[in-house]
Amino acid sequence: MTNGRPEGKLPAERHRGPVVFRRRQVEADAATTDQRLLDSGGPTDWLHTDPWRVLRIQSEFVEGFGLLAELGPAVSVFGSARTDAEHPEYQQARQLGAALSRAGYAVITGGGPGAMEAANRGASEAGGTSVGLGIELPFEQRLNDWVDIGLTFRYFFARKTMFVKYAQAFVILPGGFGTLDELFEALTLVQTRKVTRFPVILFGEQYWSGLLDWIRGTMLPEAKIGAADLELIRVTSDVEEAVSIIVEADAHRSAQELTEDAAHAESRSAGAGDAQ
């Protein structure tokens, strides 16, 4: 034995960058990484490998951060793609988009039709910034015509990060499974303080009443949530009230940040004085 290894011939070994392959893991194809890069022929299976997916995921975050970093204050609005243009909910979403724009917020939606289109339309018509973050789906769904700034994602989780990172609030319009997914992810992130505490507004009291009754009547009594968790949800059917909730929360957060900054500055000043 030599250093715990049987004496004799060393095992077959190949390197791919920092990765080492030995014994049965050694590929029969001895092509180098550079050779694979520059060779224009051969199979395209590499496009569907996990390492290549990592690069695609990275590119989606880079594109999203680059596109939205200078967006300014924004509100993410979620709702059903199936809402008809003649439905009252479409008109409410349109009014909401316009009101948010007049209040100084960009409007971010999933970029699809229905309620998303309505919110984008209202924002664009009011002269605000209308953003659509689309998703690649098995069925064709293009960004709606009222999106001024648009980006289409392959991966839901990269897209969801953009909805959260650049928003001061979420407004949840009536919708289906996708809308519920966004709602409960938003609530979970705020509840666990993974994001700064900000409003999650359910718009449409009648539509959401059954869900809220179940949360209060089943989840709360069985201690699956706490009473304080109910305070994370705001409910309204009034456009101006929804905007007021967001504006007030923004002002409160700004005042709190100023107080914290002053306290930190005072602490640093006291520390510097003690050091002298």
Side-chain angles (χ1 to χ4, degrees), residues 61 64-65 68-69 71-80 93 96-97 99-100 103-110 115-116 119 131 133 135 153 155-205 207-239 241-261:
F61 281 105
F65 292 158
L68 302 176
L71 185 62
V75 174
S76 289
V77 179
F78 306 107
S80 175
L96 175 66
L100 288 169
Y105 296 95
V107 173
I108 304 173
T109 80
M116 293 176 282
V131 181
L133 305 180
I135 186 71
F153 291 81
Y155 301 101
F156 269 111
F157 55 84
R159 177 182 184 236
K160 286 181 176 182
T161 299
M162 304 307 150
F163 283 133
V164 174
K165 182 172 175 60
Y166 295 103
Q168 271 65 50
F170 294 153
V171 181
I172 317 294
L173 303 169
F177 288 157
T179 303
L180 290 172
D181 175 49
E182 300 292 356
L183 164 62
F184 284 110
E185 178 160 33
L187 288 173
T188 301
L189 290 172
V190 177
Q191 180 199 45
T192 57
R193 300 183 184 179
K194 291 295 185 180
V195 297
T196 305
R197 194 182 182 92
F198 57 81
V200 178
I201 302 169
L202 293 179
F203 192 91
E205 292 171 290
Y207 184 83
W208 296 111
S209 62
L211 175 63
L212 291 170
D213 288 344
W214 178 76
I215 291 173
R216 296 189 189 105
T218 301
M219 295 182 73
L220 184 60
E222 293 192 13
K224 299 298 189 292
I225 60 170
D229 294 330
L230 292 173
E231 299 176 8
L232 302 178
I233 306 171
R234 304 293 296 273
V235 189
T236 183
S237 297
D238 183 78
V239 168
E241 183 181 2
V243 175
S244 294
I245 291 170
I246 295 167
V247 171
E248 290 171 9
D250 228 358
H252 177 74
R253 185 164 53 247
S254 296
Q256 190 175 29
E257 288 173 354
L258 287 174
T259 302
E260 291 174 354
D261 288 344

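Since the structure is predicted, the reported quantities are computational estimates derived from the model, not experimental observations.
Between the CZ atom in F184 and the CD atom in Q191 there is a gap of 11.0 Å [rounded to 0.5 Å]. Rounded to the nearest 0.5 angstrom, I233 CD1 and L187 CG are separated by 5.0 Å. To the nearest 0.5 Å, atom OG1 of residue T188 and atom CG of residue L183 are 9.0 Å apart. Summarising the geometry, atom CG belonging to L232 is positioned 11.0 Å from atom CZ belonging to F198; distances are rounded to the nearest 0.5 Å. For the atom pair NZ (K224) and CD1 (I215), the distance works out to 14.0 Å, reported to the nearest 0.5 Å. Separation of atoms CG (L71) and OH (Y105) is listed at 13.0 Å; rounding is to 0.5 Å.
Taking every heavy atom of both residues into account, L96 and V239 meet most closely at CA-CG1, 3.8 Å. For R216 against P221, the heavy-atom pair with the smallest separation is O-CD, 3.1 Å. Considering all non-hydrogen atoms of both residues, E205 and S237 come closest at N-OG, 2.9 Å. Residues T109 and A119 approach most closely at CG2-CB, 4.0 Å, considering heavy atoms. A167 and S76 make their closest contact through CB-OG, 3.5 Å (heavy atoms, listed as atom of the first residue, atom of the second, distance). L220 and G226 make their closest contact through CD1-C, 3.7 Å (heavy atoms, listed as atom of the first residue, atom of the second, distance).
Side chains of M162 and F65 form a contact here, defined as non-hydrogen atoms less than 4.5 Å apart. Using a 4.5 Å heavy-atom threshold, the side chains of E182 and F170 count as separate. Counting heavy atoms from C-beta outward, F61 and F153 have side chains that stay 4.5 Å or more apart.
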query: What's the verdict on side chain to side chain contact (heavy atoms under 4.5 Å, CB included) for L100 and I246, showing C-alpha distance, side-chain angles and the deciding distance?
result: CA-CA 9 Å; L100 288 169; I246 295 167; 3.8 Å; yes
query: Can you check side chain to side chain contact (heavy atoms under 4.5 Å, CB included) on W208 and I172, steps first, answer last?
result: CA-CA 10 Å; W208 296 111; I172 317 294; 3.7 Å; yes
- request: Take T236 and F203 through the side chain to side chain contact (heavy atoms under 4.5 Å, CB included) test and state the conclusion after the steps.
  value: CA-CA 5 Å; T236 183; F203 192 91; 4.1 Å; yes
query: Could you walk me through whether K160 and D181 pass the side chain to side chain contact (heavy atoms under 4.5 Å, CB included) check?
result: CA-CA 10 Å; K160 286 181 176 182; D181 175 49; 2.5 Å; yes
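Between the W214 side chain and the M219 main chain, no donor and acceptor come within less than 3.5 Å of each other. Looking only at distances, a side-chain donor or acceptor of Y207 sits under 3.5 Å from a matching main-chain atom of G175.
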